[in-house]
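A short worksheet on the structure shown next.
Order of the sequence lines sets the chain letters (A, B, ...), proteins ahead of strands, with each chain counted from 1.
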Amino acid sequence: MNYNFQEIEAKWQAYWAKNQTFQAQNSSDKPKYYVLSMFPYPSGAGLHVGHPLGYIAGDIYARYKRHKGFNVLHPMGYDSFGLPAEQYAIQTGQHPAITTETNINRYREQLDQLGFSFDWSREVRTSDPEYYKWTQWIFIQLFSAWYDNKETKAKPIDALVHLFEKEGNSNVDASCDEDVPSFDSSEWASFSKKEQQEILLKYRLTYLADTEVNWCPALGTVLANDEIVNGVSERGGHPVIRKKMTQWSMRITAYAQRLLDGLDTVDWPQPLKDSQTNWIGRSEGASVTFDVLSGSGTERSRSAEEEMLNVGQEVQHDGHSELDSESSPFQIEVFTTRPDTIFGVSFMTLAPEHELVAKITTPEQQAEVTAYVEATAKRSERDRMADVKTISGVFTGAYAEHPFTKEPVPIWIGDYVLASYGTGAVMAVPCGDQRDFDFAKHYGISIPNIFEGVDISEEAFADKAKTIIGNSDFLNGLSYKEATSKAIAELERIGHGKGKINYRLRDAVFSRQRYWGEPFPVYYVDGMPQMIELEHLPLTLPEVEKYLPTETGEPPLGNATDWAWDTKNHKVVSNKMLNPRLNVGQEVQHDGHSELDSESYEGVYPLELNTMPGWAGSSQYFNRYMDPANTQAIYSEDAIGYWKDVDLYIGGSEHATGHLLYSRFWQKFLFDMGIAPTSEFAKKLINQGMITGTSAFVYKEMDSNKVFSKGLIAGKNVIPIHADVSLVNASDELDVDAFKVWQPDYKDAEFILEDGKYIVGREVEKMSKSKYNVVNPDAICDEYGADSLRLYEMFLGPLEQSKPWNTAGITGVHSFLKKLWKLYMPFFNESSRQGSLSEVEANPTPENLKTLHKTIKKVEEDIENFSFNTSVSTFMICVNELTAQKCAHPAILKELLILVSPYAPHIAEELWQVLGHTESIAEAPFPKFEEQYLVESTKEYPISFNGKLRFKLELPLDMGKDEIEATVMAHEKTQAQLQGRQPKKVIVVPGKIVNIVG
RNA sequence: GCCUUGGUGGCGGAAUUGGUAGACGCGCUGGAUUCAAAAUCCAGUUCUUUCGGGAGUGUGGGUUCGAUUCCCACCCAAGGUACCA
């Protein structure tokens, strides 16, 4: 009986589906374990061999935990909203729902083929209205909440309204927009409904705001920072510009500190934690306010000219004490991480976009400043970033007053200061910051030294640890730390600043001008957003004629004819029902509305035209799996109370600052609202590495029709052209005829061979359709089976490392499976297709037991450490040893099967049946390792001299230290005598090893 | 630049409370079986050598009887991030 993997795999996949072997229950006597692999976006290209790597690892762990007696939840679903389906729809008119469905079916087929233990009864799809109903619901929850900085948690907005009614907002410390006016309870009461709503919107965790966004004209949409790579869109590589738009935003910044703190509580990879820490970008320092010196009249202008003339020298100003007495109309707030260096300030720099630039610039400098601001605005963000070396800036003519010395400080503008970080203004300390130093050098601004014993003639000194402040009044002689806290205390005392923590993290823009995403459950009354009640959700996507933005520049949903909300009947109605006289802030052009009865307008309002971004649907899917069919709530309290959180999450590191940050944010919010029981959703996370492709190249000579084999290209001017890897055999030999059929452009090309073969060049690249290096799992399953593929993917190398795919090596694991199969053949009874145990009676030999328990120990350790690659080796050794031992004992073979079954479940099930079991192996208890079978009576000790192996001695294990020493000494004496030298001294390191010291 | 991870045969990679470096697999070499091939099985395979040995885990130092493993300095590669004040 041969190992017929195709028959076996089909049989067991059908068995698992029919018996719902892997369906999880939401309660159990067993402890729970939740294994989750990141759900895929079902792209049209299907799976390649790189995709299943993480799924296989997760599946092995899930199956292992099942053997270990856990109630395992191991679900799978699809992140099925996304741009590719929409792009395809724009090109072909095919509805994205249809292409998505087709792709999902293809994915399912491919996944099923690999024998995963997914509980498909819990499948979710983010584009399913029954799923995105709850995405919309979470949006409403965020809209209905504000963040209380005092208690560092989110609270219902009703509580805030109550506070406003009682005492206004003076005692409220909330994460909110900066331009919130202060008011008391009577003022609040006097506001109109609309004014109240406008104020509340500034507090809500999701809010509408005019934000400067990354607008991609080619895609007609807004992109998140992480969707832009090197200044162009990640998808398509189109240019991106800055543009102001009214957008929904998520107040993730409220959670900045908690997102940072939470990282210490989870077992996630360090690089991933670091990249989130980096992304949040906490810096500790102080905000300092500088008064702008008023009187930018002639006197001030003259000073400015002097300043410009007396470059590099300290400028003495007369009469500025007079100016001090004048009250300053403007203040510049800066953020600095080095308040200790405040006496080193010799100028200030504002971002060109800073709002004060226009107000403080003196008439003399006006022309130059305006020209500079305009020139900067024209340059794209990309140009500005690419051009870091060029120093540019302009003096505004204005001065600020140093808060301590009261000296005037010239105010410059420069594009090295970013409007989007901090306050868009810096106090420049050229002696302590290289950029300030370079700027000062370039424009001849003075560089006062405020460090003790440091030479700053060549470059700035930024080493905090070695800093001793000098030349700084009350800070003299202090270290960085002491000076910082003292400077902050002084600033606070004189009312010119305070300690501050600044974050790089920005609020997340949540609107997308796309069709294929979740619609917002939002309609507008008098321009103010209103939420649709839960019982009327989901608000499903409307049909549209075309998927592009409208001619008036509205998002694709602007094309929908039925996209208005009837608040009386709680349903979507035709746009024609809209009252065109309503001032809704959105242009709605309709013909023929005059025919309509004005009553049709009553209570009908326009709906939001934007859709949610890709990360909306993926930010809570892991919790929805716990109770996916629930129509009353996102999940029941019982379900989430039982499963709580993900125990093991497996996925790619590319989601570090996107999905994984947003998901943590939503989880913390739901935790605050008492909807989720934990504030982190995944205890442990593993990033599987990427499987790269091995591209093949042919070499075409420039200006000729010749294509040279790899060995012949030296000294020739050739260009490498990708060849499809399926046309190349394991020895890098190209099937030239097949290549000509595949690329008809080359059908007349002359292929220059070496030794009668055309040898291709090889290079490791990312696996991609365009590089023709994609290896498809289907072909491999056909030829070697899913079990071979699963084993091989694990065998390739450590899970977390990226590694190149090379199909050639799969024969190794495949022949292991054949050997394993052979081991069980004595039990195979052809007539009954069942094993019979009667033929065996002998006990397992000590060798059998030793091999087995060695394997149990290693495999268990490996799985716990996610070192799946080494356990495949362990299996191979085990099978080789048992084969050599002619082991045919069912007790040994049974336990071995359970060890193998997480890795190669189909063959394990089949052989399990061969051994006479009628139930699935899935629930069989994991073998227990017993030390006694590994204990030996003697041990071989390496005896070394000066680190080099001299000889080995086999000694009884129970021998004491002195005895070993004596035995080795005796041996050494004999050796020394034989070699005619003096014997060396013997030292025994307790429990370890024997050494001989000269 | 900064942060992180890593650097071991022809290749993928084993081995860390410091203890025989190169497990296991691929590839390669030789052999068995076969009319032959595939498949299977056995043996060999870090380099070098005058067959005694010598060298060897990115480079240079250090600690130690003994270092792939620990310490210091440097080089290289991959990933992340970047005028972040």
Using a cutoff of under 3.5 Å, can you pull out all pairs of nitrogen or oxygen atoms linking the protein to nucleotides 4-12 of chain B, with atom names and distances?
{"residue": "G12(B)", "atom": "O2'", "partner": "L796(A)", "partner atom": "O", "Å": "2.4"}

Reckon [X] touches a base, only the sugar-phosphate, or nothing at all at heavy-atom distances under 4.0 Å?
X: P269(A); answer: nothing
X: T349(A); answer: nothing
X: D436(A); answer: nothing

(request) Using ring pair (Phe, Tyr, Trp, His ring centres under 6.0 Å) as the criterion, list what pairs up with Y903(A), not counting sequence neighbours. (result)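 Counting only residues at least two positions away or on another chain, Y903(A) forms a ring pair (Phe, Tyr, Trp, His ring centres under 6.0 Å) with F875(A).
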(request) Identify, with sequence neighbours excluded, every residue that meets ring pair (Phe, Tyr, Trp, His ring centres under 6.0 Å) alongside Y824(A). (result)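 With neighbours one apart ignored, the set is empty.
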(request) Only counting residues at least two apart or in another chain, list the ones meeting side-chain hydrogen bond (donor to acceptor under 3.5 Å, both in side chains) with K441(A). (result)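 Partners of K441(A) under the side-chain hydrogen bond (donor to acceptor under 3.5 Å, both in side chains) test: none.
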Please tabulate, for side-chain N and O atoms in residues 791-802 of chain A, each donor-acceptor pair with protein atoms closer than 3.5 Å (sequence neighbours left out).
{"residue": "Y792(A)", "atom": "OH", "partner": "N806(A)", "partner atom": "O", "Å": "2.5"}
{"residue": "Y792(A)", "atom": "OH", "partner": "G809(A)", "partner atom": "N", "Å": "3.4"}
{"residue": "E793(A)", "atom": "OE1", "partner": "L53(A)", "partner atom": "N", "Å": "3.4"}

(message) Please enumerate all residues that pass salt bridge (Lys or Arg N to Asp or Glu O under 4.0 Å) together with D507(A), with sequence neighbours excluded.
(response)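 Partners of D507(A) by the salt bridge (Lys or Arg N to Asp or Glu O under 4.0 Å) criterion come out as none, since no residue qualifies.
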(message) Distance alone, cut at 3.5 Å: any donor-acceptor contact between the side chains of D862(A) and S867(A)?
(response)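 D862(A) vs S867(A): no donor-acceptor pair found between side chains.
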Does a side-chain N or O of [X] approach OP1 or OP2 of [N] to a distance below 4.0 Å, or not?
X: K818(A); N: U40(B); value: yes
X: N502(A); N: A85(B); value: no
X: R504(A); N: A82(B); value: yes

